[in-house]
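Scroll down for the structure; my scribbles are underneath it.
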Amino acid sequence: MAKYVFSFRVPSDYAPDAGTAAEWQAWFGALGSALVDVGNAVTAYASLGEVGGSGSRMVAYSVVSAEDMDSALALAKDCPVMRVGGGVEVGPVMEAAGS
């Protein structure tokens, strides 16, 4: 199985509410053994070049294991950011030689 990075993006004006943490915990739990690295939240950010379009910002990342890109996208489709007008960028991890 390959590893895929999920980069979670939210609208620039997004603010979490009281139920946000529980919603994320439930989604991570639903990923089961596909979740390789829960990742971390991103509390500040800067960007260079063309990054994800205007009006959004990166809020966190995770790493999952999936058979292929379609399978990785299927895992991402129910991500909590989708319900707040955000999105998930999905990309395969290229392992460095010797890893």
Side-chain angles (χ1 to χ4, degrees):
M1 287 238 226
K3 293 180 185 173
Y4 291 83
V5 172
F6 286 3
S7 173
F8 308 113
R9 300 188 68 82
V10 295
S12 295
D13 60 353
Y14 168 78
D17 61 32
T20 299
E23 186 176 21
W24 278 91
Q25 289 174 344
W27 183 67
F28 286 137
L31 291 176
S33 64
L35 185 61
V36 173
D37 177 358
V38 71
N40 291 287
V42 175
T43 58
Y45 73 100
S47 60
L48 298 171
E50 295 296 320
V51 181
S54 62
S56 71
R57 62 183 171 90
M58 184 172 66
V59 70
Y61 75 92
S62 293
V63 178
V64 301
S65 178
E67 288 291 328
D68 54 29
M69 180 64 84
D70 287 339
S71 298
L73 290 169
L75 291 171
K77 73 177 176 54
D78 293 323
C79 177
V81 299
M82 304 301 278
R83 289 184 278 289
V84 298
V88 182
E89 292 176 312
V90 178
V93 174
M94 184 175 78
E95 298 283 341
S99 293

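Here the structure is a predicted model, which is why all the values come from computation and not from measurement.
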Closest non-hydrogen atom pair, V36 against K3: CG1-CE, 4.2 Å

Co-membership, hydrophobic cluster, residues V63 and W24, 4.5 Å side-chain: no

Hphob cluster co-occupancy, L75 + V93, side-chain heavy atoms under 4.5 angstrom: no

Spatial distance of atom CG (L31) from atom SG (C79) [nearest 0.5 Å]: 8.5 Å

Least distance between heavy atoms, P92 atom then M69 atom: CD-CE, 3.8 Å

Side-chain heavy atoms of L35 within contact of S62, under 4.5 Å: yes

Shortest non-hydrogen separation from A72 to A66 and the atoms involved: N-CB, 3.7 Å

Minimum-distance pair of heavy atoms, taken over all atoms of M82 and A76: CG-O, 4.4 Å

Co-membership, hydrophobic cluster, residues M1 and V5, 4.5 Å side-chain: no

Same apolar cluster: Y61 and Y4, side chain cutoff 4.5 Å: no

Hydrophobic cluster membership, L73 vs F28, 4.5 Å side-chain cutoff: yes

Non-hydrogen atoms of P11 and R57 that approach each other most closely: O-NE, 4.0 Å

Co-members of M94 in a cluster of I, L, V, M, F, W and Y side chains, linked at under 4.5 Å: none

Trace of the side-chain contact (heavy atoms from CB on, under 4.5 Å) decision for Y14 with S56: CA-CA 9 Å; Y14 168 78; S56 71; over 6 Å; no

Chi angles and distances behind the side-chain contact (heavy atoms from CB on, under 4.5 Å) call for F6, V81: CA-CA 11 Å; F6 286 3; V81 299; over 6 Å; no

